[in-house]
Amino acid sequence: MTVKTETTKTTRAGLHLSGVTKVYGKGDAAVSALRGIDLDIEPDEFVVVLGPSGSGKTTLVNIIGGIEAATDGQVVVAGEEISGRSPADLSEFRRDHVGFVFQFFNLIPTLTARENVEVIIELTGRGEMSAVPGLLDAVGLADRMDHFPAQLSGGQQQRVAFARALATGPDLLLADEPTGALDLATGRQILQLMQRLNREGRTVVTVTHNASVAQVADRVVTVVDGRIESVRRNAQPADAADVAW
Ligand SMILES: Nc1ncnc2c1ncn2[C@@H]1O[C@H](COP(=O)(O)OP(=O)(O)OP(=O)(O)O)[C@@H](O)[C@H]1O
């Protein structure tokens with residue numbers, strides 16, 4: 001099954017980060033969340049970012065996706081330098097390139113599954129309303145389109161979140177603990193979905209605490225205390241269907 005998105009890809013989302021730092025707050029209250037990140041990611045790679053709580057994983061993906069600005073350093077995504085851009089420019093960059101998925105789905109409770117996807121197309125002006133049923137079908141929710149989030153299981157809600165992330169035709173899919181709130185069977189289904197989306201040609205970067213998730217990655221980046229501790233390549237990435245935790 002192929003997830004079709006309406007936007008024709010004209011760019012591929014390779015990433016180049018060099019000397020990226022992030023400091024939250026000022027003076028005595030300053031927290032160095034990232035302390036000099038150098039990282040290149042190839043288009044179509046599946047990268048898992050591992051690390052203990054507070055190590056800077058979320059900050060890193062938020063900077064890659066243009067949700068937050070780096071304090072210093074260079075961030076290039078899909079050939080576009082995004083460091084130092086204004087919030088409005090970053091917002092346009094996100095619309096053009098990035099789909100985000102979060103641990104707790106972040107769906108709008110008063111909207112149905114279909115409306116949760118449609119609203120993104122409406123807000124961004126990217127993607128086609130007519131593609132929404134196909135997107136929901138492709139994540140296995142053909143028969144749940146008119147259900148509200150509260151009427152869906154956690155795994156189903158996360159599928160809606162993926163359909164929503166795909167609605168604008170992103171070439172880069174970023175996920176922050178997408179299986180963190182799910183049981184093993186459901187989490188594995190979401191991992192399978194991510195693997196399929198990557199195999200269809202999207203760059204995928206996902207943050208997790210869960211070392212088992214790293215088995216499916218092309219490369220595993222371990223972040224400790226705001227620095228990259230190691231980058232490991234999986235000679236043979238596992239099939240998501242075979243991963244357990
Ligand atoms: N908005 C913020 N203001 C101040 N400090 C922050 C902010 N966001 C993150 N931090 C701090 O930056 C550091 C890195 O946080 P981050 O959320 O990136 O880590 P993480 O590895 O994703 O953690 P977790 O696995 O617990 O989600 C932490 O010390 C955190 O307290």
Side-chain angles (χ1 to χ4, degrees), residues 15-41 45-77 82-91 93-94 98-107 154-155 157-158 161-162 165 172-184 186-188 190-191 194 203-232 243 245:
L15 272 79
H16 170 72
L17 278 70
S18 87
V20 171
T21 67
K22 179 68 180 181
V23 180
Y24 291 107
K26 287 198 166 72
D28 288 350
V31 176
S32 281
L34 297 178
R35 301 164 186 264
I37 299 285
D38 300 320
L39 180 65
D40 286 281
I41 294 178
E45 256 196 305
F46 193 138
V47 171
V48 166
V49 181
L50 277 181
S53 183
S55 58
K57 305 180 299 294
T58 294
T59 305
L60 179 60
V61 286
N62 285 350
I63 287 174
I64 291 172
I67 286 185
E68 293 184 58
T71 306
D72 206 352
Q74 195 189 24
V75 183
V76 180
V77 182
I82 60 168
S83 12
R85 285 201 184 180
S86 68
D89 270 5
L90 279 179
S91 162
F93 158 79
R94 286 197 302 273
V98 188
F100 261 103
V101 176
F102 303 94
Q103 179 173 5
F104 294 111
F105 329 132
N106 295 6
L107 301 178
Q157 289 183 59
Q158 193 60 299
F162 272 90
L172 173 61
L173 191 57
L174 299 176
D176 195 348
E177 293 278 6
T179 61
L182 305 174
D183 60 37
L184 167 61
T186 316
R188 188 159 46 201
I190 292 298
L191 209 53
M194 289 172 68
T203 310
V204 175
V205 181
T206 182
V207 161
T208 182
H209 280 105
N210 183 344
S212 298
V213 167
Q215 295 171 43
V216 305
D218 295 313
R219 281 193 303 156
V220 184
V221 176
T222 302
V223 178
V224 177
D225 199 18
R227 294 191 177 88
I228 291 181
E229 186 189 66
S230 64
V231 180
R232 176 171 58 82
V243 173
W245 58 83

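Note that the numbering runs from 1 along the sequence shown for the chain. Start at 1 and go down the list; that is how both ligands and their atoms are numbered.
Checking Thr21 against Asp72 by side-chain atom types alone, no donor-acceptor pair falls below 3.5 Å.
Partners of Phe105 according to the ring-ring contact (aromatic ring centres under 6.0 Å, His included) rule, which considers only residues two or more places apart in sequence or in another chain, do not exist here. For His16, the side chain to side chain contact (heavy atoms under 4.5 Å, CB included) partners at least two apart in sequence or on another chain are Ser18, Asp40, Gln74, Val76. A search for salt bridge (Lys or Arg N to Asp or Glu O under 4.0 Å) contacts involving Asp225 returns Arg35, not counting sequence neighbours.
Counting only heavy atoms from C-beta outward, the side chains of Thr206 and Phe46 approach each other to under 4.5 Å.
Minimum interatomic distance between Thr71 and Val23 (heavy atoms only, all atoms of both residues): OG1-N, 2.8 Å.
Around ligand 1, the residues contributing at least one heavy atom under 4.0 Å from the ligand are Tyr24, Val31, Ala33, Pro52, Ser53, Gly54, Ser55, Gly56, Lys57, Thr58, Thr59, His209.
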